There are 2 protein chains.
Amino acid sequence: MLQNQKFPAYFYRKNMDYDQLIQAPLFRGIKSEEIEKILTGIDKKFKKFKAGTLIVHSGDPVTSLIIVISGVVKGEMVDYSGRVIKIEDIPAPGALASAFLFGNKNLFPVNVVALSDTELMIIEKQVFIRLLMNNDIILSNFLDMISNRSQFLSEKIRFLNFKTIKGKLAQFILQRTMNDRSSFNLGMTQTELADYFAVARPSLSRVLGELEDEGLIEARGKAIKVIDRTRLLKLTSD
Amino acid sequence: MLQNQKFPAYFYRKNMDYDQLIQAPLFRGIKSEEIEKILTGIDKKFKKFKAGTLIVHSGDPVTSLIIVISGVVKGEMVDYSGRVIKIEDIPAPGALASAFLFGNKNLFPVNVVALSDTELMIIEKQVFIRLLMNNDIILSNFLDMISNRSQFLSEKIRFLNFKTIKGKLAQFILQRTMNDRSSFNLGMTQTELADYFAVARPSLSRVLGELEDEGLIEARGKAIKVIDRTRLLKLTSD
DNA sequence: AGAAAATTGTAACAAATGTTACAAAATCAA
DNA sequence: TTGATTTTGTAACATTTGTTACAATTTTCT
């Protein structure tokens, strides 16, 4: 998909403002002038997409590192019945499918759609490997990026492995109140959390209510307060 | 844990047979003499553990790359009630927790126990980064290793996201019969698959039976044959 | 081959979750 | 602020899953 599309000439350009890239995980710890120096020395492409455009198709090969320079894109899965399930948003200056550039399955696992007008920077894999070998900060940063991805997924699986919603919730709450904090803010809506747990929304709501009724937690809006840590821990042994 | 233990002198040695490392994912594509040359040039340690020994404690910091030179180790989680859940076996010549050497959370997520007499090779993170920068094959291999880990976890989450066991099973079966093959071998026992799905074993057995009764698949032992692909696909839209 | 161990099928029942629907509450946007 | 939209609580009921138990079958080990 990406490689077959034709764009008007102005969609490609050789120079740009590298300042925005200081925020990118890949360039963390590198000064903007330094980033500019590094990038001007290597082959790369820029492409722009209008809001709503399909940028890559699920199943397309991943042959390059793709960084969102500006705008926001989303990953989405399409199931058999054609229904679309949103997976995640990737705002600038994030990278697309960085865990699929290497490894055995170099295929996009999702469709990628531009949520807003978007500009991408594209660096071929071979070029990128050379970049990694020549710059230890970028190497470290990239290793951090894909390792963080793994760590995120590992943690998610830890929730999903609990058979009951109570178990998942207990694990989730304990996880967020590790450092002696007794309360924390559910950073999302119940609808989103239900999705995250792969569970029906009213079921989650019900279980939250039960935990409160039983005096394990107090929930006021999105603020969760742990009342009985010990009994929460017990729920963790499915 | 690892760094505090004391061993008899013979547990440490400077020279070893590097032939076994040709099989290691980290050294794939490198000849054994080359591996020897690379490894003799860098700082490393070897440690041996008797079968049954606790090698690392869940929560210990990950500061080095650890490769299982010989033997088999297992990762296990311990829950609140002290019950132990086995996570995975890592036979030689695999690496321990490679996705936790980098990234933000450099802590072992599990206990690691020697299943048999085991020898480990330990390379400090800083030394390892230098190795990655000096050898593009090792760099590629390591990127492949942690990327494969991510890809494995992503796929697992795809199953777990289905709310019903039927959905999980359908996705699982379709996944394994992509390349026009209509049948495949369940590479594990139902008990293990039930664990993988985070689901009770009799429930899995029941659903397998239902799929067969309804004529979607045929199951004879561990051999699964797809009969009605279309209806299986439909189950995939939870 | 034969005994022992692990795996599988199955049934009855309890428990948890999903579904649908609707109203109350909170949040967002004009 | 107000009106619109989204989120949340809740209830009734259907469906799915878990639990326990036991026998049949298969695999493993000697």
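Everything quoted here is computed from the prediction, not taken from an experiment. Residue numbers begin at 1 in each chain, while the letters A, B, ... track the order of the sequences.
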Q: What integer distance in Å separates B:Met188:CE from D:dT27:P?
A: 17 Å

Q: Atom CZ of A:Arg220 and atom P of D:dT8: how far apart are they, to the nearest Å?
A: 16 Å

Q: Show the atom names and distances, to 0.1 Å, of all donor-acceptor pairs under 3.5 Å that link a side chain in residues 189-204 of chain B to residues at least two apart or in another chain.
A:
| unit_1 | atom_1 | unit_2 | atom_2 | d |
| --- | --- | --- | --- | --- |
| B:Thr189 | OG1 | B:Thr191 | N | 3.4 |
| B:Thr189 | OG1 | B:Glu192 | N | 3.0 |
| B:Thr189 | OG1 | B:Glu192 | OE1 | 3.4 |
| B:Glu192 | OE1 | B:Thr189 | N | 3.0 |

Q: Could you give the side-chain donor-acceptor pairs of residues 100-116 of chain B under 3.5 Å, partners two or more places apart or in another chain?
A:
| unit_1 | atom_1 | unit_2 | atom_2 | d |
| --- | --- | --- | --- | --- |
| B:Asn106 | ND2 | B:Phe100 | O | 3.0 |
| B:Asn106 | ND2 | B:Leu101 | O | 3.1 |
| B:Asn106 | ND2 | B:Phe102 | O | 3.2 |
| B:Asn106 | ND2 | B:Gly103 | O | 3.3 |
| B:Asn111 | OD1 | B:Ser58 | N | 2.6 |
| B:Ser116 | OG | B:Val72 | N | 3.0 |

Q: Side-chain N or O of B:Gln190 versus OP1/OP2 of C:dA6: is the shortest distance under 4.0 Å?
A: no

Q: Restricting to side chain to side chain donor-acceptor pair (under 3.5 Å), what partner residues turn up for A:Arg231, sequence neighbours left out?
A: A:Asp228

Q: I'd like to check the side chain to side chain donor-acceptor pair (under 3.5 Å) partners of A:Ser150; sequence neighbours left out, ordered by chain and number.
A: B:Ser150

Q: Regarding A:Arg181 and the six-membered ring of A:Phe184, is the cationic atom NZ or CZ under 6.0 Å from the ring centre and inside 45° of its axis?
A: no

Q: Quick one: B:Leu160 CG to C:dT17 P, roughly how many Å, whole number?
A: 15 Å

Q: Can you tell me how far P of C:dT27 sits from CG of A:Asn185, to the nearest Å?
A: 11 Å

Q: Using atom types as modelled and distance alone, determine if a side-chain donor or acceptor of B:Gln151 lies under 3.5 Å from a backbone N or O of A:Ala99.
A: yes

Q: Separation of B:Phe162 atom CZ from C:dG18 atom P, in whole Å?
A: 15 Å

Q: Output yes when a side-chain donor or acceptor of A:Asn148 lies under 3.5 Å from a complementary backbone atom of A:Met145, and no otherwise.
A: no

Q: With A:Leu235 as reference, evaluate A:Leu169, A:Leu211, A:Leu174, A:Ile173 under the side-chain contact (heavy atoms from CB on, under 4.5 Å) test and give the passing residue.
A: A:Leu211

Q: Take the protein atom NZ of A:Lys222 and the nucleotide atom P of D:dT7, then report the distance between them rounded to whole Å.
A: 8 Å

Q: Given atom CG of A:Leu208 and atom P of D:dT8, what is their separation to the nearest angstrom?
A: 10 Å

Q: Based on the rotation axes of five pairs at each end, what angle does the helix from C:dA1-D:dT30 to C:dA30-D:dT1 bend through, to 10°?
A: 80°

Q: Measure the shortest side-chain to side-chain distance between A:Ile217 and A:Leu208 over non-hydrogen atoms and say whether it is less than 4.5 angstrom.
A: yes

Q: Provide, to the nearest angstrom, the distance between the CG atom belonging to B:Leu235 and the P atom belonging to C:dG18.
A: 17 Å

Q: Nucleotide by nucleotide, 5' to 3', does protein get under 4.0 Å of the base (B), only the sugar-phosphate (S), or neither (-) in nucleotides 10-18 of chain D, counting heavy atoms?
A: B------BB

